[in-house]
Amino acid sequence: MKEYFGNIYSALATIFIGMKITFKHMFVPSVTIQYPEVKPQLPERERNRLYVNMDDCIGCDQCSRACPVSCIEIETTKSLPGEDLGKTSNGKKKALWVTNFTIDFAKCCYCQLCVFPCPTECIYMTDVYEFSEWERNKLVYDFATLTPEERQQKRDNLAKFNAEKEAEKLKAASEPKPEIKKDQPEEK
Amino acid sequence: MMYDFLVDLFGNSTAASIIAGTIQSILPLFAFILPFALFAVYLERKVSAHMQDRLGPMRTGWHGWKQTIADILKLIQKEDIVAKDNDKLLFNLAPIIVFAGSYAAFAAIPFTSIFIGTEVDLGIFYIIAVTGIVVAGILMAGWASNNKYSLLGSMRSVAQIISYEIPTILVALSLVMISGSMSLHTLSEQQTGYAWNWYIFGGPGTELSKFLLIPFMFTGFLIIYISTLAEVNRTPFDIPEAESELVSGYHTEYSGMKFAMFFLAEYANMFAVSAIVVALFLGGYQSPVGYLGDLFNAPWLIPIEQFTWFTIKGIFFVFVQMWLRWTLPRLRVDQLMAASWKYLIPIAFVNLIIIGLITLL
């Protein structure tokens, strides 16, 4: 009998305790973040979309080699002797035209390994994470600042320069000593 | 009354009474139940969200107030799926019967002193009888779905509703004993005046028996509230729907408008049981503090105020149902049966006898 009334009392009492707690929670500020309007505070060292500051890039290809998924593709073209490409912000002299610098973010695994080897600190992580696309090829970002015509021009210039050099060499080589060519097959 | 007014308006003939009767019968549906269901679903989502420190719907309109309108539009457009092995006739009939059962209860609920669907003297008796049809509809839905979880859910639901009808009836009976009437309209009229004339405070009058009744009335109120909560299958008594065990019980196989009808019936039922509790114990449509219409000598204002008070009281108890839903976990089947047969029914019987003895004084 005592247990029976004890049960009734404890049932009612615990219901009221529970109701009190839920009622209090009705006035606790909500933890929901209204995402597109309110952005969550990101941690200081979060890793998102890469950015390349092309003004500082010297085209050394170290980031591309560090990348574990090979998502960075760099093509450089040597500058001609007379050209001045300017300096990077930490004083290095630029010697290469970067004619192609693409990062495929569909492949990128956001490991940040490309950031550390960069000698001029021109490739780094930004806090942009909203860059989804409908088509995968739109995720291939081209960072090179030159226009397609300029790139072709730089390549043509180098080819022309090389061709001229080659022609000069041939001209110089055609006159004396042809012995060097004979040596090579014998060594093997 | 509303009906007489309408008959007069259409010219006092047989056709007029038919038109008036039709208007009278569909008015609560379109003027009250549909807007209430839309509001209650929104309230439910908001209450649950804020009790869990969330925000709930926020995208559609200011604080998401258009959410349920969007939902109902979506449900109307949805495909009405009927599986191959369903019992077509019963499957299509079940949502109609469930909704008809819960809507029929509104016929005897007095919204104001001038609007009541039909003036039956058997008010409370009629409501308890007619809501029994819902049980048949639920069992039909579970059986016709040809799905073991649906059938299990509907069987649980039927067992639960039948068990919990007994304490409801016993408490209603004690009220009938005090008031001497089964009509909810008469019961509400008896509780006129101020809040201390409500039956939860012993009813009208100032003699000793009123004060002796108060503790037993509170007990009766708690019992009827708990048992009506179980009758409408809401948490903590939602074992028929038990998402984690039975998918969603008897309406698992339903989609589109048929599902919407079950949903509407559920929310209509929530208000119906709150309205019954309010009419029995808390003065029905009566104001607890007197009427502005009396104060300013404007009799036309009184029904509007009564309707407002009725709605406020009803929605308050619907809110308490939601509050309990987000507070308590679901009962086990044996606990559910124990709560009814071992606790509510004996206490209701003892309460009935004591109230009977006090009214003899």
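- No more than 12 heavy atoms of other residues, nucleotides or ligands shown are found within 6.0 angstrom of CZ on A/R136.
- Contact annotation for A/F27: neither backbone nor side-chain heavy atoms come within less than 4.5 Å of a heavy atom of chain B.
- For A/I8 against B/Y343, the heavy-atom pair with the smallest separation is CG1-CD2, 3.6 Å.
- Here OG1 of A/T32 is found 8.5 Å from NE2 of B/H50. Values are rounded to the nearest 0.5 Å.
- Counting heavy atoms of neighbouring residues, nucleotides and ligands inside a 6.0 Å radius, atom CD of A/E121 does not exceed 12 of them.
- Heavy-atom minimum distance, B/L55 versus A/S30: CG-OG, 3.2 Å.
- To the nearest 0.5 Å, atom CZ of residue A/F5 and atom CD1 of residue B/I347 are 7.0 Å apart.
- Your options are A/I21, A/L12, A/N7, and the one with the most heavy-atom pairs under 4.5 Å with chain B is A/N7.
- There is no contact between B/P329 and chain A, counting heavy-atom distances below 4.5 Å.
- Only the side chain of B/L328 comes within less than 4.5 Å of a heavy atom in chain A; its backbone stays farther off.
- Of all heavy-atom pairs spanning A/H25 and B/M51, the tightest one is CB-O, 3.4 Å.
- In plain terms, the two heavy atoms of B/F319 and A/M26 that are nearest each other are CZ-SD, 4.0 Å.
- Atom CD of A/E130 has more than 12 heavy atoms from other residues, nucleotides or ligands within 6.0 Å.
- Other residues, nucleotides and ligands place no more than 12 heavy atoms under 6.0 Å from the CZ atom of A/R45.
- Heavy atoms of other residues, nucleotides or ligands lying less than 6.0 angstrom from CD of A/E73 number 12 at most.
- Here the closest heavy-atom approach between residue A/M19 and residue B/L324 is recorded as SD-CD2, 3.7 Å.
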